[in-house]
Amino acid sequence: MKSVAIIGAGSAGLGVARILSQRLETFKPVVFERSRGVGGTWIYSENTGLDEFGLEMHSSLYANLVTNLPTDLMAFAEFPFKHKQTEFIKHQDVLEYLRDYTQHFDLFPYIKFNHIVEEISPVDDEPSREMKWNVRVKDLIKGEVIEDIYDFVFVCNGHYSVPRIPEIPGVESFLGKVFHCHEYKHPEDYKDLTVACLGAGNSGIDIAVELCEFSAQVLLCHNHALLQSDLPPNMSQTLAIAEMTEDSIITTDGKKHKIDVLIYCTGYYYSFPFLHEDCGISVINNRVSPLFKHIVNTTYPTMFFLGLCIRVTTFPGFFCQAKFVETLLDGSQKLPSKQDMDEDTQKDLERRRKLGKPPHKAHELDFEQWDYYDLLCEMAAIPLLVPRRLEQLYNACLYNRKKFILTYKSMKYEVGYDGGYRVTEENTD
């Protein structure tokens, strides 16, 4: 019997638990979750700052958040969403889905809620491909600290909880409000104010658009190409912020804009504070290494990271990663040597560099995700788990997101098994 520690009961951790719970004759899974329920980042709270245990709030959800991918691109294998059509849904619906998933596959008995992992360290000093792990966990309710040894560790703690905040000269002199979108909750809190959102990723755009209903003016500050979509009349685009004064931002073209509020929509850092340095994992320029296929700790290949990849079809991708690792755990497939794995990773980084992708996007897959999923299944010698028919839908959603920022989330799709799709409801006026 092999013991398995799973860190986090969000979507990635639940996917692992679902797979291993079907093989209890071989594996003994234990999921450690710091909160009171399943869902990870999908657990919404009105609170910001610290939680009841003095820990930093984990979730970055805001009250009106709607998914930026429709349900067909989010569902776990064998467990579709209840919605009749594939559509964009509220965060409350996603949390309900994850709770239903946990209930349906009877995963609650394997989860220890209100348990935070304080430290994970290798049991032995010498590197080994069969390294076991000492896992120290604190029961937040009782205050007790428990230590156990596990054969395998899955790190599934998410990567949307530690804000990335750039340094801006003069920000300390600004008299208005400055915060990261990790703490953003309601647009009406900024009624009649001029708000600058720094960053034009999905969150930056979505928050900027919803602020326009209440704010006097919204500035979307970024260095990307201008958005090619209709925008609210009180929303404008500027270059990124070069410096700040008491009441203004100064963009990189030297223009000055008076504002009341600055919201950093600048992304998040990967963070694993519970991993002892002897685990051999580093995070440099937001790249987690040394990892093989974004998953396997190549120094100690009994430690796995699920859900690191960004710009992907989340739950299906996490499940595919977990099924790949399952074949390593049961011995049906073998990993290459550490040298070969590290060389493979370096080749991929070099390929990305030649394509113009910056190092901090080492885990971004986007249009490459489909080949990645196929490769994992090929290496695991298992049937394809993320159907290629979803690729066209993904591409269509990205196109509509760029062209119809104000309305793309109102579109509903009907997807055929041949990969075709059609929009069944839309409003692109």
Side-chain angles (χ1 to χ4, degrees), residues 60-70 87-91 166 168 170-171 174-267 311 396-413 423-429:
S60 295
L61 294 181
Y62 51 94
N64 301 326
L65 185 142
V66 173
T67 59
N68 55 38
L69 289 175
E87 57 188 289
F88 302 86
I89 58 176
K90 297 178 180 179
H91 64 80
I168 301 177
V171 67
F174 181 63
L175 300 178
K177 186 173 184 179
V178 180
F179 64 98
H180 193 277
C181 63
H182 178 64
E183 298 183 344
Y184 171 80
K185 297 299 176 183
H186 300 279
E188 54 268 32
D189 293 341
Y190 311 95
K191 182 176 175 60
D192 299 330
L193 300 178
T194 297
V195 183
C197 294
L198 178 58
N202 294 332
S203 294
I205 294 173
D206 286 351
I207 290 172
V209 168
E210 81 160 26
L211 281 168
C212 288
E213 183 179 351
F214 297 93
S215 300
Q217 181 72 26
V218 178
L219 306 177
L220 185 66
C221 311
H222 63 95
N223 281 330
H224 302 297
L226 290 177
L227 302 177
Q228 300 299 309
S229 169
D230 290 337
L231 298 174
N234 59 335
M235 177 175 168
S236 58
Q237 301 178 69
T238 76
L239 292 178
I241 302 171
E243 58 181 302
M244 297 185 70
T245 67
E246 290 183 352
D247 61 359
S248 303
I249 59 170
I250 300 174
T251 51
T252 54
D253 56 0
K255 293 181 180 179
K256 189 174 184 178
H257 306 267
K258 282 194 172 185
I259 64 167
D260 301 297
V261 179
L262 170 63
I263 305 178
Y264 293 113
C265 303
T266 44
R311 296 191 182 278
C397 290
L398 262 60
Y399 174 83
N400 289 332
R401 184 188 303 167
K402 291 178 180 178
K403 294 295 183 180
F404 310 111
I405 287 172
L406 301 182
T407 57
Y408 81 93
K409 291 189 179 184
S410 67
M411 298 179 183
K412 298 181 181 180
Y413 299 84
V423 178
T424 57
E425 294 183 28
E426 63 179 326
N427 177 14
T428 57
D429 294 334

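Along the sequence shown, the residues carry numbers beginning at 1. Since this is a predicted model, take the numbers as computed values, not measurements.
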Exercise for the section: Output, in order, the C-alpha distance, side-chain angles, deciding distance and verdict of side chain to side chain contact (heavy atoms under 4.5 Å, CB included) for Leu65 and Glu210. Expected result: CA-CA 10 Å; Leu65 185 142; Glu210 81 160 26; over 6 Å; no
What are the two closest heavy atoms between [X] and [Y], and how far apart are they?
X      : Y      : result
Ser215 : Tyr190 : OG-O, 3.1 Å
Phe174 : Val261 : CZ-N, 4.2 Å
Asn400 : Met411 : ND2-SD, 3.4 Å
Leu220 : Leu227 : CD2-CD1, 3.6 Å
Leu198 : Ile168 : CD2-CD1, 3.9 Å
Cys265 : Cys181 : CA-SG, 3.9 Å

Under the 3.5 angstrom rule, does the side chain of [X] hit a backbone N or O of [Y] as a donor-acceptor pair?
X      : Y      : answer
Asp260 : Thr194 : yes
Thr251 : Thr238 : no
His224 : Gly199 : no
Lys185 : Leu61  : yes
Thr67  : Ile89  : yes
Ser248 : Thr245 : no

Practice task
Please assess Arg401 against Leu69 for the test side chain to side chain contact (heavy atoms under 4.5 Å, CB included), listing each intermediate value before the final yes or no.
Solution key: CA-CA 10 Å; Arg401 184 188 303 167; Leu69 289 175; 3.8 Å; yes
What's the spacing between [X] [atom1] and [Y] [atom2] if we round to 0.5 Å?
X      : Y      : atom1 : atom2 : result
Cys221 : Ile249 : SG    : CD1   : 4.0 Å
Leu219 : Met235 : CG    : CE    : 9.5 Å
His222 : Thr252 : NE2   : OG1   : 10.5 Å
Cys212 : Gln217 : SG    : CD    : 7.5 Å
Gln237 : Ile205 : CD    : CD1   : 8.0 Å
Leu406 : Asp230 : CG    : CG    : 6.5 Å

Practice task
Could you check if a side-chain atom of Pro232 sits within less than 4.5 angstrom of a side-chain atom of Val218, using non-hydrogen atoms only?
Solution key: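 They are not in side-chain contact.
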Problem - Side-chain heavy-atom pair Ile241, Val171 within 4.5 angstrom cut-off - result: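 SC-SC contact between Ile241 and Val171 ruled out.
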Practice task
Mind running side chain to side chain contact (heavy atoms under 4.5 Å, CB included) on Cys397 and Phe88 for me, showing each step along the way?
Solution key: CA-CA 10 Å; Cys397 290; Phe88 302 86; 4.2 Å; yes
Practice task
Assess whether side chain to side chain contact (heavy atoms under 4.5 Å, CB included) is satisfied between Ile263 and Leu211, documenting all intermediate values.
Solution key: CA-CA 11 Å; Ile263 305 178; Leu211 281 168; 4.0 Å; yes
Exercise for the section: Please indicate whether Glu213 has more than 12 foreign heavy atoms, meaning atoms of other residues, nucleotides or ligands, lying under 6.0 Å from its CD. Expected result: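 No, the 6.0 Å shell around CD holds no more than 12 heavy atoms from other groups.
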Problem - Aromatic ring pairing Tyr184/Phe179, orientation class (parallel under 30°, perpendicular over 60°, tilted between) - result: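 Ring orientation, 0 to 90° scale: parallel.
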